[in-house]
> 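Below is a structure I'd like to ask you about.
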Protein chains: 2
Amino acid sequence: MTTQQLTKNQGLVFDVLSHSDSPLSAYTILDKLRDNGFRAPLQVYRALDKLLEFGLVHRLESINAFVACAHPNEGCHNHGITAFTICETCGKVTEFHDHVIEDRLKAFAKDRNFKTGKTTIEIRGTCAGCA
Amino acid sequence: MTTQQLTKNQGLVFDVLSHSDSPLSAYTILDKLRDNGFRAPLQVYRALDKLLEFGLVHRLESINAFVACAHPNEGCHNHGITAFTICETCGKVTEFHDHVIEDRLKAFAKDRNFKTGKTTIEIRGTCAGCA
DNA sequence: AATGTGAATGTAATGTTATTACATCAATTG
DNA sequence: CAATTGATGTAATAACATTACATTCACATT
Ligand SMILES: [Zn+2]
Ligand SMILES: [Zn+2]
Ligand SMILES: [Zn+2]
Ligand SMILES: [Zn+2]
């Protein structure tokens, strides 16, 4: 999935997220795109839905915000659980995969016949630069 | 921490959560406590804040809801990260601790000098009973 | 018992995040 | 050129959470 087959609105939203150095809320994105003709939240949410589906963007559940994927070309949403550190001071987000963690979670679910859907792992705290 | 040193509002909110078989939103709790004199969201949020602080209740970030701790007497919020499975069909929540996962997350953070605060691990999916 | 203090509560208003509903437009295809 | 499908525009509303300020309660000190 490259950025070229995105629609106009999807491209605009992805562009805003790509150029941000911290996660953005849907309404912040909306404000940044007013000059591009965005008028309503739904325009942002619809674009975000698609971008999430494409694996170009992640939603950070613990802060109700969105961030561009750090390695969109590797199809990160297709190979496992993505975990995040989120700096509460500067907003910096780091994305990582850990197969041990993933295996433990899968094992736990399997033991209980729990069918795993989307999994969230988010560590809020303070990054090295802000300590 | 026992339920006895709770204030009236804290006790009412904890009671509602304890007797629920699925997580509840703050506004659902409010509705359930109207007959007990609750009139405004803040009454619920204030009680929840304290209950979270006491480790009697957990907040599920991915669904904006709250659940009573499954083992409040073990001070679960004092010994490590709590992970959850959340059934999207029936709402059933299972709480667990995994030291391997915790160690991996801590190691990742330590490697990057990231100071860990609250950590969220939530698996949404379908429980055995709903499969 | 009176007073002072901090925690908890009551209430209204507002702020923030997300969805529903419905009309319109654009691209594709048979 | 219909017909279908996906995308967009717009308004309204729902759902979740906080700010601000006044009041009351619990309890220790005098
Ligand atoms: Zn990613
Ligand atoms: Zn930082
Ligand atoms: Zn617990
Ligand atoms: Zn279930």
Side-chain angles (χ1 to χ4, degrees), chain A residues 1-17 20 22-54 56-67 86 88 91 118 120 122 124, chain B residues 1-17 20 22-54 56-67 86 88 91 118 120 122 124:
Chain A
M1 168 59 60
T2 77
T3 178
Q4 312 206 340
Q5 52 204 287
L6 298 180
T7 66
K8 182 177 159 243
N9 286 3
Q10 289 160 18
L12 287 166
V13 169
F14 182 66
D15 210 50
V16 166
L17 282 174
S20 173
S22 62
L24 299 176
S25 76
Y27 279 75
T28 300
I29 295 169
L30 174 56
D31 285 341
K32 288 182 184 296
L33 290 174
R34 297 247 182 230
D35 291 344
N36 294 278
F38 274 49
R39 309 286 307 160
L42 196 50
Q43 294 175 287
V44 177
Y45 283 111
R46 283 200 279 227
L48 285 171
D49 283 346
K50 284 298 178 182
L51 294 170
L52 289 166
E53 185 184 321
F54 299 155
L56 293 175
V57 161
H58 298 287
R59 176 184 167 83
L60 301 174
E61 308 282 357
S62 65
I63 60 170
N64 296 325
F66 302 85
V67 69
I86 305 168
E88 290 175 314
K118 188 171 186 319
T120 297
E122 297 176 14
R124 268 106 65 223
Chain B
M1 170 59 60
T2 76
T3 179
Q4 312 204 340
Q5 52 204 286
L6 298 180
T7 66
K8 182 177 160 242
N9 286 4
Q10 289 161 18
L12 287 166
V13 169
F14 183 65
D15 210 51
V16 167
L17 281 175
S20 173
S22 62
L24 300 176
S25 75
Y27 278 76
T28 302
I29 295 169
L30 174 57
D31 286 341
K32 289 184 183 295
L33 289 174
R34 298 248 181 228
D35 292 345
N36 295 279
F38 274 49
R39 310 284 307 158
L42 195 49
Q43 294 175 288
V44 178
Y45 283 110
R46 283 200 279 226
L48 286 171
D49 283 346
K50 285 296 178 184
L51 294 170
L52 289 166
E53 185 183 318
F54 299 154
L56 293 174
V57 160
H58 297 287
R59 174 183 168 82
L60 302 175
E61 308 282 358
S62 65
I63 60 172
N64 295 328
F66 301 86
V67 68
I86 306 168
E88 290 175 314
K118 188 172 187 314
T120 297
E122 297 176 14
R124 268 108 62 224

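The sequence lines fix the lettering, A, B, ..., with proteins before strands; numbering per chain opens at 1.
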> Whole Å only: how far is the CG atom of A:Asn9 from the P atom of D:dT8?
4 Å
> Send over the distance from B:Gln5 CD to C:dA8 C1', rounded to a whole Å.
15 Å
> How close or far is atom P of C:dT19 from atom CG of A:Leu48, stated in whole angstroms?
11 Å
> May I have the distance from A:Leu6 (atom CG) to D:dA7 (atom C1'), rounded to whole angstrom?
13 Å
> Could you tell me the separation between the CG atom of B:Asn36 and the P atom of C:dT9, rounded to a whole number of Å?
13 Å
> Sequence neighbours excluded, which residues qualify as side chain to side chain contact (heavy atoms under 4.5 Å, CB included) partners of A:Ser22?
A:Ser20
> List the residues meeting salt bridge (charged side-chain N to carboxylate O under 4.0 Å, His left out) with B:Glu88, not counting sequence neighbours, and say none if there are none.
none
> From CZ of B:Phe38 over to P of C:dA8, roughly how many Å is that when rounded to an integer?
14 Å
> Output one letter per nucleotide in nucleotides 11-28 of chain D: B when a protein non-hydrogen atom lies under 4.0 Å from the base, S when only the sugar-phosphate is that close, - when neither is.
-----BBBBB--------
> For residues 32-44 of chain A, run the donor-acceptor check on the side chains, cut-off 3.5 Å, and write out each pair with its distance to 0.1 Å, sequence neighbours left out.
| unit_1 | atom_1 | unit_2 | atom_2 | d |
| --- | --- | --- | --- | --- |
| A:Arg34 | NE | A:Asp31 | OD1 | 3.4 |
| A:Arg34 | NH1 | A:Arg39 | O | 3.4 |
| A:Gln43 | OE1 | A:Arg39 | N | 2.6 |
| A:Gln43 | OE1 | A:Ala40 | N | 2.9 |

> On the nucleotide D:dT8, are OP1 or OP2 found under 4.0 Å from the side-chain N or O atoms that A:Lys8 carries?
no
> Determine whether B:Gln10 and B:Phe54 make a side-chain contact, defined as any pair of heavy atoms from C-beta on separated by less than 4.5 Å.
yes
> Would you confirm whether B:Glu53, through its side chain, and B:Lys50, through its main-chain N or O, come within 3.5 Å as a donor-acceptor pair?
no
> Quick one: closest heavy-atom pair of B:Gly91 and B:Pro23, and the distance?
O-CD, 3.0 Å
> I want to check one thing: is the phosphate of C:dG10, taken as OP1 and OP2, less than 4.0 Å away from some side-chain N or O of B:Gln43?
yes
> For nucleotides 24-29 of chain C, print each protein N/O atom paired with a nucleotide N/O atom at under 3.5 Å, atom names and distance only.
none

> Do A:Glu122 and A:Ser62 have a side chain donor and acceptor closer than 3.5 Å?
yes
> Go through B:Leu6 and B:Leu56 one step at a time and tell me if the side-chain contact (heavy atoms from CB on, under 4.5 Å) criterion holds.
CA-CA 11 Å; B:Leu6 298 180; B:Leu56 293 174; 4.0 Å; yes
> Excluding sequence neighbours, so at least two apart, what forms side chain to side chain donor-acceptor pair (under 3.5 Å) with A:Arg59?
A:Glu61, A:Asn64
> Please report, rounded to the nearest Å, how far the P atom of C:dG10 is from the CG atom of B:Leu33.
11 Å
> Considering just the side-chain nitrogens and oxygens of A:Thr7, establish if one lies under 4.0 Å of OP1 or OP2 belonging to D:dG6.
no
> Could you give the CG-to-P distance, from A:Leu30 to D:dT8, as a whole number of Å?
15 Å
